[in-house]
Amino acid sequence: MRLLIASLILTLTAGLAHAADPTCEAKALDKNGKALAGAAKNSFMKKCEKSSAGNACAAKALDKNGKALAGAAKNSFMKKCEAEAK
């Protein structure tokens, strides 16, 4: 019973995440061009959304003078930005 409830919650949550990024949804294809389904799609969507959030955060990782952040400052900024993107 617990497994069934957990599966339902995961499915509903994953469904909401799929609607969040249409570009990831469009890219969710297998090698033959067919749409992914089930666990494969969920895994792909998580990775895709995380990388798209990371790319957006990397573009914002600038200091007050417009120079790219580096080291601990960049790591801290990226961690905070990606957490907010979720």
Side-chain angles (χ1 to χ4, degrees):
M1 186 67 174
R2 289 182 190 168
L3 183 59
L4 177 63
I5 293 170
S7 297
L8 288 173
I9 291 171
L10 180 60
T11 302
L12 292 174
T13 305
L16 293 174
H18 294 307
D21 193 351
T23 58
C24 289
E25 183 75 32
K27 293 178 186 177
L29 304 174
D30 66 7
K31 293 178 184 178
N32 299 325
K34 295 181 182 178
L36 293 174
K41 185 173 183 178
N42 290 341
S43 176
F44 175 83
M45 293 297 290
K46 285 181 184 178
K47 289 177 186 175
C48 181
E49 290 170 352
K50 185 175 181 179
S51 69
S52 64
N55 291 339
C57 291
K60 296 178 188 176
L62 304 173
D63 66 6
K64 293 177 185 177
N65 298 323
K67 295 181 181 178
L69 292 174
K74 182 176 182 180
N75 291 341
S76 176
F77 176 83
M78 293 293 288
K79 186 174 183 179
K80 182 179 177 183
C81 180
E82 289 173 352
E84 290 173 356
K86 292 180 184 180

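Computed from a predicted structure; not experimentally measured. The residues of the chain are indexed from 1 along the displayed sequence.
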Contacts under 3.5 angstrom, residues 59-73 side chains, donor-acceptor by atom type, not counting sequence neighbours:
residue : atom : partner : partner atom : Å
D63     : OD1  : N65     : N            : 3.0
D63     : OD1  : G66     : N            : 3.0
D63     : OD1  : K67     : N            : 2.8

Scan E84, K79, M78 and name whichever one has a side-chain contact (heavy atoms from CB on, under 4.5 Å) with E82. M78
Hey, what do you get for SG (C24) to NZ (K50), rounding to the nearest 0.5 Å? 13.5 Å
